[in-house]
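All residue numbers refer to positions in the sequence shown, counting from 1.
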Amino acid sequence: MSTLTEPQTRSGAFIHYLFEHCQHDKGFAARLRRASNPATEYQSWEILGRFGINLENDAERRVYGLVSAALANSRAQTNGSLRLGQAVALSFPDGSNSDQAKARLRRLLACESVEEVCRILRPLLSLIQSRVSQPLDYENLLNDLLFFNRGGERVRARWAQQFYASELKGEGAK
């Protein structure tokens with residue numbers, strides 16, 4: 001067991017579980033990386049099912065699969081503190097002033113369902129991981145996505161707030 005503190009929520013426990021196992025089991029991480037692709041996601045179902053994820057619920061399965069795959073593809077050793085909106089801004093040299101960053105954010109904010117968000121986030125998370133060295137807050141991302149179908153407006157507003165607030169902190173791409 002690592003020295004990480006024990007999580008207090010189901011989402012936190014799941015993220016903790018993934019970090020623990022990805023670090024020690026390359027096959028585990030490889031199965032998780034396949035979770036974001038609809039054609040190969042079934043290879044991660046054993047892992048998701050063991051954690052109690054309802055595999056029959058498309059939205060829940062896709063959310064957990066997307067976050068699992070992103071975490072397994074990351075270089076992070078522990079959960080980070082970078083929120084999604086901040087990460088989008090940091091992915092571009094001009095941050096939240098970048099037209100490309102604004103376009104990516106607008107497309108994300110236009111999503112009507114969690115399934116659509118997952119489809120848009122898949123390539124966006126890859127972009128973030130290739131350009132930003134600071135690790136994402138995967139627990140927060142998971143919670144946002146799980147809440148999206150019930151409170152999408154609040155989640156979208158939070159992402160926009162994070163995006164535009166990042167320029168006030170003076171942060172740039174790494």
Discussion item. Ignoring hydrogens, what is the shortest heavy-atom contact between Val132 and Ser91? Give both atom names and the distance.
Written reply: CG2-OG, 3.6 Å

Discussion item. Can you confirm whether Val63 sits close enough to Cys118 that some side-chain heavy atom of one is under 4.5 Å from a side-chain heavy atom of the other?
Written reply: yes

Worksheet item: Got a sec, which pairs hit salt bridge (charged side-chain N to carboxylate O under 4.0 Å, His left out) with one end in residues 140-150, sequence neighbours left out?
Response: Asp144-Arg158

Worksheet item: Which heavy atom of Ala35 sits nearest a heavy atom of Ser44, and at what distance?
Response: CB-OG, 3.3 Å

Fill in: side chain to side chain contact (heavy atoms under 4.5 Å, CB included) between Leu84 and Ile128, intermediate numbers included
CA-CA 9 Å; Leu84 182 61; Ile128 290 167; 4.0 Å; yes

Worksheet item: With sequence neighbours left out, which residue pairs that include part of residues 27-41 fulfil the salt bridge (charged side-chain N to carboxylate O under 4.0 Å, His left out) condition?
Response: Glu41-Arg61

Fill in: Summary of salt bridge (charged side-chain N to carboxylate O under 4.0 Å, His left out) pairs that have at least one residue in residues 79-95, sequence neighbours excluded
Arg83-Asp137

Worksheet entry | Sequence-distant partners of Tyr42, ring pair (Phe, Tyr, Trp, His ring centres under 6.0 Å), two or more places apart | none

Worksheet item: What distance do Glu20 atom CD and Asp25 atom CG have between them, rounded to the nearest 0.5 Å?
Response: 12.5 Å

Worksheet entry | Donor-acceptor under 3.5 Å (Arg75 side chain, Gln129 main chain) | yes

Worksheet entry | Gap between atom CG of Asn73 and atom CG of Leu125 - 0.5 Å precision | 9.5 Å

Discussion item. Quick check for you: to the nearest 0.5 Å, what is the distance between Cys111 atom SG and Trp159 atom CH2?
Written reply: 7.5 Å

Worksheet item: What distance separates Leu142 CG from Leu66 CG, expressed to the nearest 0.5 Å?
Response: 9.5 Å

Worksheet entry | Gln134 CD to Leu90 CG distance, which is reported to the nearest 0.5 Å | 7.0 Å

Discussion item. My understanding is that only residues two or more places apart in sequence, or in another chain, count here; which of them pass salt bridge (Lys or Arg N to Asp or Glu O under 4.0 Å) with Glu56?
Written reply: none

Item to complete: Would you mind listing every salt bridge (charged side-chain N to carboxylate O under 4.0 Å, His left out) that reaches into residues 96-110, with sequence neighbours excluded?
Response: Arg107-Glu116

Response to the item:
Leu71 meets the side-chain contact (heavy atoms from CB on, under 4.5 Å) criterion, sequence neighbours left out, with Ile15, Leu18, Phe19, Cys22, Tyr138

Worksheet item: Can you list the residues that meet the side chain to side chain donor-acceptor pair (under 3.5 Å) rule with Arg156, with sequence neighbours excluded?
Response: Glu153

Worksheet, complete the sentence: dist Asn79:CG -> Leu141:CG (nearest 0.5 Å) comes out at 9.5 Å

Discussion item. Counting neighbours of CZ on Arg10 that are heavy atoms of other residues, nucleotides or ligands and sit closer than 6.0 Å, is the number greater than 12?
Written reply: yes

Response to the item:
In short, Ala72 meets Leu32 closest at the heavy-atom pair CB-CB, 3.7 Å

Discussion item. Would the distance check show the side chain of Glu60 and the main-chain N or O of Ile53 forming a donor-acceptor pair, the cut-off being under 3.5 Å?
Written reply: no

Worksheet item: Could you give all pairs that pass the ring pair (Phe, Tyr, Trp, His ring centres under 6.0 Å) test and reach residues 50-71, with sequence neighbours left out?
Response: Phe14-Phe51, Phe14-Tyr64, Tyr17-Phe51

Discussion item. One pair to check against side chain to side chain contact (heavy atoms under 4.5 Å, CB included): Ile47 and Ser68. What are the steps and the verdict?
Written reply: CA-CA 10 Å; Ile47 296 164; Ser68 298; over 6 Å; no

Fill in: With Glu46 via side chain to side chain donor-acceptor pair (under 3.5 Å) - residues at least two apart
Arg50

Worksheet item: Can you name the residues that form a salt bridge (Lys or Arg N to Asp or Glu O under 4.0 Å) with Arg119, not counting sequence neighbours?
Response: none

Worksheet item: Among all residues two or more places apart in sequence or in another chain, which pass the side-chain contact (heavy atoms from CB on, under 4.5 Å) test with Asn149?
Response: Ala59, Ser113, Val114, Glu115

